[in-house]
Amino acid sequence: MSSNNMADPRRQNKILRYKPPSTETNPTLEDPTPDYMNLLGMLGMIFSMCGLMLKLKWCAWIAVYCSFISFANSRSSEDTKQMMSSFMLSISAVVMSYLQNPQPMSPPW
């Protein structure tokens with residue numbers, strides 16, 4: 001084993017433990033992903049309200065899509081009440097739009 005140490009080219013006094021840079025000194029290193037996911041959740045709520053009030057089925061489906069993405073990318077420490085309310089609002093928008101008009105969705109163009 002001592003012959004192994006003699007062949008080791010690393011210098012023990014030059015080994016430094018990695019310390020990640022602090023976000024207090026450099027705020028650009030913060031992860032903006034949770035902010036985007038929060039924005040996506042709010043966008044889903046807006047589309048849900050448009051689907052409910054204006055009876056637009058494509059808005060309701062976009063709301064379901066947005067709520068699924070925000071739920072899938074959320075962290076366990078985040079508030080689940082807002083996510084679940086957004087998800088339930090989008091589901092109710094889809095259900096109500098199809099209860100009022102059970103015809104298949106027509107293209108928006």
**OP:** Measure the CE-OG distance between M45 and S70 for me, rounded to the nearest 0.5 Å.
**Re:** 9.5 Å
Subject >> For F71, all residues meeting ring pair (Phe, Tyr, Trp, His ring centres under 6.0 Å), sequence neighbours excluded >> reply: none
Original post:
Can you list the residues that meet the ring pair (Phe, Tyr, Trp, His ring centres under 6.0 Å) rule with Y65, with sequence neighbours excluded?
Top reply: none
Subject >> Non-hydrogen side-chain atoms of M49 and I46 separated by less than 4.5 Å >> reply: no
**OP:** With rounding to the nearest 0.5 Å, note down the distance linking CE in M42 to OG in S86.
**Re:** 8.5 Å
**OP:** Could you name each residue pair satisfying side chain to side chain donor-acceptor pair (under 3.5 Å) that touches residues 92-105, not counting sequence neighbours?
**Re:** W61-Y98
Original post:
Taking a hydrophobic cluster as the set of Ile, Leu, Val, Met, Phe, Trp and Tyr residues connected by side-chain heavy atoms closer than 4.5 Å, whether directly or through intermediates, do M84 and L39 fall within one such cluster?
Top reply: no
**OP:** Under the side chain to side chain donor-acceptor pair (under 3.5 Å) rule, collect the residues that match up with S67, sequence neighbours excluded.
**Re:** S90
Subject >> Backbone of K81 reached by a side-chain donor or acceptor of S85 within 3.5 Å >> reply: yes
Original post:
With side chains defined as the heavy atoms from C-beta onward, is the minimum distance between L89 and L52 less than 4.5 Å?
Top reply: yes
Original post:
Out of curiosity, does V64 fall in the hydrophobic cluster containing M96 (side-chain heavy atoms, cut-off under 4.5 Å, transitive links)?
Top reply: yes
Original post:
Does R11 have any side chain to side chain donor-acceptor pair (under 3.5 Å) partners at least two apart in sequence or in another chain, and if so, which?
Top reply: none
Original post:
With sequence neighbours excluded, what pairs up with S48 under the side chain to side chain donor-acceptor pair (under 3.5 Å) test?
Top reply: none
